[in-house]
Amino acid sequence: MRGGPLRDLTDPGTYRAAAYVLLTLPAGALVAALLTVVVAGGLLTLPVLIGAPALVGAVWLVGALGDVQRRLAGVLGVSFTRPAPGSYAGVLAWLGAQLASPVTYRTLLFHAVQLPLGALCWLVLAALLVVALMGLSAPAWALGSVVPIVWNEWTVQPGPVAVAGLTLAGLGVLIVTAGVLNLMGRMWTRLAAALLTLDVGDEAARREVIALRRAAGRVALGDDLTATLGDLTAQALAASTAAQVAVYAPDGTLRAATPQADLGAAPAEVAPCWPSPGEANVLPLPDGGLLAVLPVSLPASAGTLEGGTLRARYRPGVRPGADELAFLLSIADHAGTALHAAQLIERAGARAGEQERARLARELHDSVAQALYGITLGAKTARATLERDPARTLQSLDYTIRLAEGGVSEMKALLFSLRPDALEEGGLIAALTQHAHAMEARHGLKVHAELRREPDLAPDVQAAAYRVAQEALHNVVKHARASQVWVSLVQDGPLVTLTVRDDGRGFDPQAQGRGTLGQRSMRERAAGAGGTLSVESAPGEGTAVTLTIPAAVPAAGEVGA
C-alpha cells in the first residue's frame with residue numbers, strides 16, 4: 001500500500017469520515033424523533049381528521065430529510081444528480097407519485113438504519129480511542145507511579161521498557177482507529193449511494209440522445225482526429241455521471257481527455273482486465289471511486305479490432321448503471337469509427353488517387369452508418385419510458401428521429417465533398433441542399449434555401465461554385481455567430497448568381513484590407529471560373545457573399561433541339 005502504515009492518518013478522507021461518523025448519531029436521533037412524532041401524532045389524531053394531513057406531512061418529511069441527508073453525505077465527497085423539477089398537479093397526484101416512487105422507500109430505509117448503525121460506529125470508535133489514549137498516556141500514569149498495579153497474586157511495577165511498549169501499543173491502536181474510520185467512511189459512502197440516489201432516468205436519457213446526436217455529427221464531418229476525440233470525451237462527460245473521461249491508445253498513450261483527466265495513474269488495475277468487445281469492466285480504485293474501462297473497437301475492415309480504451313472515472317459513492325455503460329459503449333464505438341476514418345484519410349492521402357478517394361467514400365459511408373447505430377440507444381430509452389411516461393417517450397422518439405435524419409444528411413454531405421463525380425451525378429442543387437441540412441443538424445443553424453432549378457454550368461464552374469458556398473458557410477459557422485443563413489442560387493439569362501447571407505455580427509471590410517485567407521480563396525475560385533465575388537458586411541448587420549458566374553453555352557445540337 002502506497003503511503004505505508006501511516007497512510008490513513010495522513011489521508012484527508014479519514015478526517016472527513018470522522019466528521020461524518022460524529023454527525024450520524026445526532027442526525028439519526030433527530031430524524032428518528034421527528035418521524036416518530038409526526039407519524040405517531042398522525043395515527044393518534046386520525047379519527048378527528050387531523051391525522052390525515054399529518055401523515056401527508058410525514059411523507060413530505062421523509063423526502064425533505066432525505067435532501068438533508070444528501071447534503072450531509074457531501075462531507076464524504078458524495079454528490080447526487082438531481083432530476084429536472086416536474087409540474088405540480090395537486091396534493092393527491094403528488095402523494096401518489098411519492099408513494100409509488102422507490103426513492104421514498106430507499107430514503108426511509110436509510111433513515112431507519114442510520115441511528116443504530118451510527119450508534120454502533122460510535123461504540124467501536126469510543127472503545128478504540130479509549131485504548132489508544134490509555135496507551136499513549138502511559139508515561140503520565142504508569143512511569144514513576146507510587147501505586148503498584150495488582151493483578152491476581154501478581155504485583156507489577158511498570159518500568160521504562162513496559163511504558164515504552166504501552167505507548168507503542170497505543171500508537172498502533174491509533175493507526176488501527178484511522179483505518180477503521182476509513183472503512184466506516186467507505187461503508188457510509190456506499191450506503192448513501194445505494195439508498196439516497198435519485199431517479200434521473202428520463203433526464204439522463206434525454207442528455208444521452210442529444211450527446212449521441214452531436215457525436216454522430218462530429219464523427220461524420222470531423223477532419224481533425226484529436227479534436228473529434230476531444231469532443232467525444234466532452235459529450236460523454238456532459239451526459240454521464242462520470243467525473244473524468246479519456247481515450248487511450250492500445251499501448252496506454254493518452255489520445256484525448258476532459259480537463260484535468262488523469263486516468264492512466266493506475267495501469268496495474270487496468271492491464272489485467274482488458275474489456276471484451278461490447279463489454280465494460282468496472283474496477284475499484286484506491287480512493288474509493290470506480291474506473292469504467294470500455295473497448296474502442298474498429299470496424300472489421302480496419303484489419304484490427306483494438307483501438308484502445310475509453311475510461312471513465314467516478315467519484316466515491318457514484319456507480320454507473322447499465323444504461324449509462326451502454327451509452328459510454330456507444331461513445332467508444334464512435335471513437336473507433338473516428339479512428340478508422342482517420343486511418344482511411346491518411347491512407348488516401350498517401351496514395352492520392354481518384355480510385356482511393358472513391359473507396360474512401362464507400363468506407364466512410366459504412367463507418368457513418370455504424371456510427372448512427374447509436375440511434376438504438378434512443379429507441380431503447382423510449383421503450384423503457386413507454387408505460388411510465390408516454391409524453392417523455394414521444395420526446396425521446398422525436399430526438400431519435402432527428403438524430404437519424406441529421407446523420408443521413410451529414411453522410412450525404414460528406415459523400416458529396418469526398419467523391420469527385422458527386423456534383424456531376426447529383427448536381428449543384430442537391431449538393432447545396434445536403435450541405436444545408438448537415439449544417440442545421442450539426443450546428444443548430446436555421447438555413448433558408450432558395451434552390452429551385454439546376455443552373456446550366458460547366459463541371460469545373462459547378463465545382464468552383466460549390467467550394468465557394470462551402471467556404472462561405474464555413475465562415476458563418478466559425479466567425480459570424482449567426483442564428484439564420486439564407487442560401488440562394490438563381491440563373492438569370494447568361495449569368496448564375498449564388499448568394500450566402502447571414503444575420504451574424506458582421507465586420508468592417510475596409511479594416512480587413514484584402515480580406516482573410518478564406519476570402520482570397522473564394523475570390524481565386526471565382527476568377528478561375530470566369531466570375532466575380534463580392535462581400536458586403538457591416539458590424540452588427542450580418543454578411544452577404546455573392547458569386548456571379550457565367551452559365552454554360554449550349555451546344556449547337558442542343559439549341560436546335
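Along the sequence shown, residues are numbered consecutively beginning with 1. Any value given below was found using the heavy atoms of this structure, including those in side chains, with hydrogens, waters and symmetry copies removed.
- Closest approach of Y466 to L432, counting heavy atoms only: CD1-CD2, 3.9 Å.
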**OP:** Assess whether side chain to side chain donor-acceptor pair (under 3.5 Å) is satisfied between R501 and T499, documenting all intermediate values.
**Re:** CA-CA 6 Å; R501 181 171 60 88; T499 304; over 6 Å; no

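- Between R313 atom CZ and L283 atom CG the span is 11.0 Å, to the nearest 0.5 Å.
- Here the CD-OG distance, from Q470 to S521, works out to 10.5 Å after rounding to the nearest 0.5 Å.
- For the pair L325/V282, a side-chain contact is recorded, criterion being any heavy-atom separation below 4.5 Å from C-beta on.
- Separating the CG atom in L232 from the CD1 atom in I331 is a distance of 6.0 Å, to the nearest 0.5 Å.
- The side-chain hydrogen bond (donor to acceptor under 3.5 Å, both in side chains) check on T393 picks up T385, with sequence neighbours excluded.
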Can you give me every donor-acceptor pair (side chain of residues 528-540, partner residue at least two apart or in another chain, under 3.5 Å) with its distance?
from : atom 1 : to   : atom 2 : distance (Å)
S537 : OG     : F507 : N      : 3.0
S537 : OG     : F507 : O      : 3.3
S537 : OG     : G542 : O      : 2.9
S537 : OG     : T543 : OG1    : 3.0

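- With a 4.5 Å cut-off on side-chain heavy atoms, V447 and V487 count as touching.
- Taken from OG1 in T309 to CZ in R255, the straight-line distance is 10.0 Å, to the nearest 0.5 Å.
- Minimum heavy-atom separation, L237 to A242: CD1-O, 3.2 Å.
- Put simply, the side chain of V490 does not reach to within 4.5 Å of the side chain of P455, judged on heavy atoms.
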Subject >> CA sep, side-chain torsions, deciding dist, call: T241, E324, side chain to side chain donor-acceptor pair (under 3.5 Å) >> reply: CA-CA 8 Å; T241 58; E324 181 164 319; 3.0 Å; yes

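- The side-chain hydrogen bond (donor to acceptor under 3.5 Å, both in side chains) search around R481 returns none, not counting sequence neighbours.
- Closest of all the heavy-atom pairs between T228 and A338 is CG2-CB, 3.8 Å.
- H474 is linked by a ring pair (Phe, Tyr, Trp, His ring centres under 6.0 Å) to nothing, counting only residues two or more places apart in sequence or in another chain.
- Summarising the geometry of P320 relative to L290, their closest heavy-atom pair is CD-CD1, 4.2 Å, with the distance given to 0.1 Å.
- Remark: H448 pairs with Q484 by the side-chain hydrogen bond (donor to acceptor under 3.5 Å, both in side chains) rule, at least two apart or across chains.
- Across W486 and D502, no two heavy atoms sit closer than the pair CZ3-C, 4.2 Å.
- With rounding to the nearest 0.5 Å, the separation of CG in D456 from CD in Q462 is 10.5 Å.
- Closest approach of T233 to A257, counting heavy atoms only: OG1-C, 4.0 Å.
- Side-chain atoms of E471 do not come within 3.5 Å of backbone N or O of Q519 as any donor-acceptor pair.
- Checked against V500 for a side chain to side chain contact (heavy atoms under 4.5 Å, CB included), the options L473, N475, L489 give a single hit: L473.
- Shown here are the side chain to side chain contact (heavy atoms under 4.5 Å, CB included) partners of T433, two or more places apart in sequence or in another chain: I429, H437, L451.
- Here the side chain of T258 pairs a donor or acceptor atom with the backbone of V245 at under 3.5 angstrom.
- Between the S101 side chain and the Q98 main chain, no donor and acceptor come within less than 3.5 Å of each other.
- At distances below 3.5 Å, not a single donor-acceptor pair connects side-chain atoms of R315 with backbone N or O atoms of A243.
- Residue L428 holds its CG atom at 5.5 Å from CD of E454, rounded to the nearest 0.5 Å.
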